[in-house]
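Okay, so here's the structure we're looking at.
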Amino acid sequence: MRITLPELVRRMPKAELHMHIEGSLEPELIFALAERNGVALGWDSVETLRQAYAFEDLQSFLDIYYAGASVLLVEQDFYDMTWAYLLRARAGNVRHAELFFDPQTHTARGVPFADIVGGIGRALDDAGREWGMSGALIMCFLRHLDEDDAFATLEQAMPHLSRIIGVGLDSSERGHPPEKFARVFARCRELGLRLVAHAGEEGPPAYIWSALDTLRVERIDHGVRCVEDEALVRYLAAHRIPLTVCPLSNVKLRVFADMASHNLRQLLDADLAVTLNSDDPAYFGGYVEDNFAAAFEALPLDAGHAYQLACNSFDAAFLPPQAKAQYRAEVAAFFAAHT
Ligand code: ADE
Ligand code: ZN
């Protein structure tokens with residue numbers, strides 16, 4: 001190999017499919033936007049905020065993540081946040097990015113839906129024009145709220161559906177099974193939206209089955225707990241259902257004790273369509289290439305696994321076949337030149 005394995009995985013072309021744009025807000029930007037907008041924060045400095053990033057579980061993270069997102073008020077804020085992420089993504093050779101956003105976190109504070117989608121979308125357009133990166137937006141429903149709130153959010157999204165490729169389900173998993181959102185997902189499906197859901201991060205394999213059977217999702221976000229159910233693993237592999245796995249997130253939120261204990265290699269060995277992603281990079285200690293480097297340093301993975309993960313990321317993307325083929329050719333050319 002002409003470059004080291006960590007360098008190879010950092011530099012190879014990739015798609016990022018599981019990234020909450022609000023989770024890309026670095027503490028410095030949170031403070032800058034708080035000052036610009038006159039929003040009071042519960043921390044007195046960037047350092048004390050960063051020190052608060054010692055999480056015990058998903059909920060302890062979400063409490064801080066929602067507080068951080070409270071600095072976003074106007075279209076330009078959403079643009080600045082997204083542009084900062086896209087610059088970092090470009091540095092990790094992300095060629096295609098599908099961004100989650102949580103409209104309810106903002107509309108509940110009176111932010112117009114149009115400003116949220118407008119700011120994020122304008123940054124994606126600029127990245128496409130300036131360096132040919134493709135992107136898409138996936139609107140997530142907050143599962144700790146009720147289905148009526150999700151329906152009201154879908155109503156607000158209606159004038160903007162040309163900008164939104166799909167819907168997802170995020171926030172506190174335990175106690176909020178996918179079937180709680182069966183009707184709103186059915187409606188989204190009728191509208192032609194693509195469907196994904198977080199399941200099997202902290203929740204049991206039954207939540208993954210429910211996301212597949214009652215929501216009819218095409219990808220599972222996280223899904224690492226699928227290994228507790230052999231029939232589920234066989235089903236996911238047979239149907240090539242992608243799992244968008246986020247290793248640094250899983251370690252930070254204590255789904256695994258450390259990176260060496262992560263089940264990524266087990267998932268790959270079971271022939272699952274795994275992709276690697278950053279989830280909330282500003283909170284979990286790294287962007288997507290850092291996730292790759294950390295996993296490949298701690299686990300028995302080689303250049304063949306790297307190639308598989310790069311291909312999986314484009315195969316699992318909501319892209320037309322022609323674009324997928326073009327990106328796959330970029331991956332092949334990169335590996336031919338560097339391995
Ligand atoms: N929202 C942002 N990050 C999340 C995660 N890892 N799980 C559930 N909801 C989220
Ligand atoms: Zn997530």
Side-chain angles (χ1 to χ4, degrees), residues 15-26 30 52-70 72 78 81-82 85 89 97-106 108 116 120 136-145 149-150 153 166-178 180-181 195-204 207-208 210-211 215 217-226 242-256 262 264 274-288 290-291 313 316:
E16 173 143 68
L17 307 179
H18 181 165
M19 211 293 298
H20 304 262
I21 193 61
E22 296 91 344
S24 74
L25 273 179
E26 293 286 348
I30 290 178
Y53 292 0
F55 309 117
E56 278 154 34
D57 55 13
L58 176 56
Q59 192 58 52
S60 64
F61 153 69
L62 289 170
D63 293 342
I64 293 182
Y65 162 85
Y66 294 129
S70 70
L72 299 161
F78 289 90
M81 167 178 68
T82 309
Y85 162 71
E98 296 182 4
L99 308 184
F100 291 142
F101 70 112
D102 289 338
Q104 288 152 297
T105 302
H106 314 298
I116 305 167
I120 303 171
L137 274 178
I138 298 176
M139 168 172 84
C140 285
F141 298 121
L142 298 179
R143 67 202 305 159
H144 66 271
L145 301 178
D149 210 300
T153 303
V167 296
L169 187 64
D170 67 0
S171 193
S172 324
E173 187 180 9
R174 285 201 194 108
H176 301 286
K180 182 176 162 186
F181 296 91
L195 308 179
V196 301
H198 283 54
E201 177 185 17
E202 284 190 342
Y207 282 22
I208 302 177
S210 176
L215 303 188
V217 300
E218 300 167 70
R219 298 195 302 237
I220 297 287
D221 297 312
H222 293 295
V224 289
R225 286 194 58 192
C226 70
L243 301 184
T244 61
V245 173
C246 308
L248 286 172
S249 164
N250 293 155
V251 173
K252 271 279 189 182
L253 300 186
R254 306 200 189 175
V255 175
F256 297 97
H262 198 285
L264 171 61
V274 176
T275 73
L276 288 199
N277 309 270
S278 66
D279 207 6
D280 300 281
Y283 292 90
F284 298 149
Y287 287 77
V288 65
D290 303 313
N291 275 269
S313 74

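First listed ligand is number 1; within each ligand, the first listed atom is number 1. Everything numeric in this text was worked out from a predicted model, so none of it was measured.
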Show, in sequence, the C-alpha distance, side-chain angles and deciding distance for His106 and Phe78, and conclude whether the side chain to side chain contact (heavy atoms under 4.5 Å, CB included) test is met. CA-CA 11 Å; His106 314 298; Phe78 289 90; 3.8 Å; yes
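- Counting backbone and side-chain atoms alike, His18 contributes an N/O/S atom closer than 2.8 Å to the Zn ion (ligand 2).
- Closest approach of Asn250 and His222 over heavy atoms only: ND2-ND1, 3.6 Å.
- For Phe61, the closest heavy-atom approach to ligand 1 falls below 4.0 Å.
- Looking at Ser171 next to ligand 1, an N or O pair under 3.5 Å apart turns up.
- Leu62 counts as a contact of ligand 1, since one of its heavy atoms falls under 4.0 Å from the ligand.
- By the 30° and 60° cut-offs, the orientation of the rings of His18 relative to His20 is perpendicular.
- By the 30° and 60° cut-offs, the orientation of the rings of His262 relative to Phe256 is tilted.
- Of the N or O atoms in His18, none lie within a sub-3.5 Å distance of an N or O in ligand 1.
- Considering Glu202, Arg143, His20 only, the shortest heavy-atom separation from atom 10 (C) of ligand 1 involves His20.
- Ring geometry, Phe61 versus Tyr283: the interplanar angle exceeds 60°, so the pair is classed perpendicular (tilted spans 30 to 60°).
- At least one donor-acceptor pair closer than 3.5 Å links the side chain of Glu173 to the backbone N or O of Gly203.
- Close approach to His222 involves these atoms of ligand 1, each under 4.0 Å from a residue heavy atom: 6 (N).
- Only the side chain of Tyr65 comes within contact range of ligand 1, with a heavy atom under 4.0 Å; no backbone atom does.
- Counting heavy atoms under 4.0 Å from ligand 1, residue Leu58 touches it through the side chain alone.
- Between His176 and His144, the distance from one ring center to the other does not fall under 6.0 angstrom.
- For the pair Phe100/His198, a side-chain contact is recorded, criterion being any heavy-atom separation below 4.5 Å from C-beta on.
- Look at Gly23 and you'll find every heavy atom at least 4.0 Å from all atoms of ligand 1.
- Taking every heavy atom of Glu201 and a limit of under 4.0 angstrom, the matching atoms of ligand 1 come to 5 (C), 6 (N), 7 (N), 8 (C).
- Counting protein heavy atoms only, atom 3 (N) of ligand 1 is closest to Asp280 OD2, 2.7 Å.
- Nearest N, O or S atom of His198 to the Zn ion (ligand 2): atom NE2.
- Exactly one of Leu243, Val288, Leu17 qualifies for a side chain to side chain contact (heavy atoms under 4.5 Å, CB included) with Thr275. That residue is Leu17.
- Looking at Asp279 and the Zn ion (ligand 2) together, the shortest N, O or S contact belongs to OD1.
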